[in-house]
Amino acid sequence: MNVEILILFINATLVTVISSVVVIAILRKQYLPIIKEMEKEENQEEYTESEEKRINSNL
Amino acid sequence: MAITIFALVLLLYVVVGAFISRYVKNSDDFYTMGGRGSTILIVGTLAATYLSAATLLGIAGQSYKEGPLVIATLGSFGAWLGTLVAVVYMGRKMKALGCKTMPDFFDKRFNSKWVSIIAIIIMIVGLVGYGVIQFIGAGLVLSEITGINFQLLIVLFTIALIAFTAFGGMYGVVVTDTLMFFTMLTISIVIAPIIIGQAGFEQMKGLSETMPNYWTIGGTENRSIGWSISQFLVWIMFFACMPALVSRVFPAKNDFVILKAAIIGVFFAPFMQLTVFIAAGGMQVLQPGITPTDNAMIVGFMEFTPPAVAGVGLAALMASIMSTASTLFVLVGFALSRDLYERLFEKELNEKQSLTAARIGQIIVAVVICAIALARPSAIYWISIYAGSIFAVGWLPTIVASFEWKKMNSKAAMISMLSGVASFLLFGELIRAGVMTLPTGVDELMLALLVSVLSLIGAGLVTKPNAHELNYYTEMKRSSMASITIKEFLKQPNGLQKIKKQYKQLITVSVLFTFISVVVWGYFFIKLGL
């Protein structure tokens, strides 16, 4: 096995792996918290609406 | 047949470039295509700009002569990583600040005429020196192959380039770059496999017996590991702040496009280079003794592929020249019309005048560069020795410190840029004159970078940032492409769903391209390394 050829192709693969890891890290740090927060707000709104409907129907 | 295909492809670029000009309605369209760049266009322009004629000629020739691992293993690896830094770190931050050109950043950050002037001079000298020499070198090679007179070829190229830079601006460059990217891709997916197939992996591996060390990092010249590491450092620093690459981010539609382009573009950088370098190794089996070695790949597609494929190969070589030249034309033209004329001379122009000034800037640059290429003054060869690396010593420390250091100010920026460039030229000339020698693996660029960084830190510690610099630093820390993109998406109906869809798409792209690179490079390793 030629170790130096192995290094070449590991580097070629590594650069795509690094770019993917960097992008996923950016997504998790800068996008995921906001997505979760927005989902929470959306769920809260839906819950409030359904609660209002239930109370109205009971009345 | 080959010449006909070559001419038709050149005509196609001109027609597309001229057609695109109808979409350029204002200066925003001209400078950043109105921020409408889709993933395919940003990937196309990034990859086409990355792959210059140097890859297909000089570096392919060195791979043919000394072995495919000599530049690729560490030097090219540095360039691939540098491209990632240019897109994800430099480009994203500058786009978030609303920069349309790189000198825009210096202007916004320091609000100092002198900093802007020094930055613009470094950019013009660096781009012209780096681009014109490739324009001349590759033009000479193409002239030799096609039999078209060199002067006529340069004039034809210039007219074609004016068609999409003066009329289409960044819009024309990005669209034609993408066409050129697909033309260049044929070398990697059609021509290289044909050459490698004819040479045979076993015969290529066998080159080590007739040419000792052919498949090693040191190569047949037995270059030291220090030299390879210095190549890595030089290339990563050069590519990290190369305006040609950083500015590819500015036309992108949103952050998701930039992040997708980062993954896909950084995959194509090694894909397009390594296939060429391995095919150059194949040429050593098929036809040893090609001189000059720079012509190894050209002999490959002219002699070992069908005429139609050879024509596409010639068109791809032309595309690599034109994509480098169009970027050079467009960025230097922008520096003249926007950074110097409109901003530094504080010209109040309406939308129509601004667009006219931008187009005149492009034509002036095209005529001057054409004249330099035709006259070939000896000074341009001297400038080209230093041109590419001038960004690493002149810009890199200042840009990084501007992003990350609160005490950074215009005095430190000026001292760092001037001392970096001056020491780089001084060390280079002393070495060439034989007055100074450096230990193996130490490059004058590293010394100059050290001077630039130390002078920046020293000046930053003894001087203070003014109110504008402090305020802008705070504003800069608050702005991000992510928050801008999220705001834009939430304005649309079903905005949150669209953000989630883009998020999932990006994860898929990451996994998919990691898988593809493991398969592609794993295959080559099994064939060549085991």
Under the criterion side-chain hydrogen bond (donor to acceptor under 3.5 Å, both in side chains), I'd like the reasoning laid out for A:Ser20 against B:Thr514: C-alpha separation, chi angles, the key distance, then a yes or no.
CA-CA 7 Å; A:Ser20 296; B:Thr514 300; 3.2 Å; yes

Intermediate values then yes/no, side chain to side chain contact (heavy atoms under 4.5 Å, CB included), A:Val15 and B:Leu84
CA-CA 9 Å; A:Val15 78; B:Leu84 181 64; 5.6 Å; no

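Side chain of A:Asn11 to main chain of B:Thr73: a donor-acceptor pair is present (N/O by atom type, distance under 3.5 Å, no hydrogens or angles). Of the possible polar contacts, one joining the A:Asn2 side chain to the B:Trp215 backbone as a donor-acceptor pair under 3.5 Å is found.
Ring orientation note: the planes of B:Phe256 and A:Tyr31 are tilted relative to one another, at an angle of 30° to 60°.
Within 6.0 Å of NZ on B:Lys65 lie no more than 12 heavy atoms contributed by other residues, nucleotides or ligands.
One distance of note links CD1 of B:Ile526 with CZ of A:Phe9; it measures 11.0 Å at 0.5 Å rounding.
Only the side chain of A:Leu14 comes within contact range of chain B, with heavy atoms under 4.5 Å apart. The contact between A:Ile35 and chain B is made by backbone and side chain atoms together, counting heavy-atom distances below 4.5 Å.
Heavy-atom pairs under 4.5 Å with chain A peak, among B:Ser483, B:Ala482, B:Ser208, at B:Ala482. In terms of non-hydrogen atom pairs under 4.5 Å with chain B, the most contact-rich of A:Ile24, A:Val17, A:Val21, A:Val22 is A:Ile24. Of the residues considered (A:Ile7, A:Val3, A:Leu6, A:Ile34), A:Leu6 shows the highest number of contacts with chain B, using heavy-atom pairs under 4.5 Å.
A side chain to side chain contact (heavy atoms under 4.5 Å, CB included) with B:Phe525 holds for exactly one of A:Ile5, A:Leu8, A:Thr13, A:Ile10; it is A:Ile5. Considering B:Val266, B:Leu506, B:Ile258 as possible partners of A:Val23, the one that fulfils the side chain to side chain contact (heavy atoms under 4.5 Å, CB included) test is B:Leu506.
For the pair B:Ile217 and A:Glu4, the tightest heavy-atom approach, listed with the atom from each and the gap, is N-OE1, 2.6 Å.
Contact annotation: the side chain of A:Leu32 approaches that of B:Tyr503 to within less than 4.5 Å [non-hydrogen atoms, C-beta and beyond].
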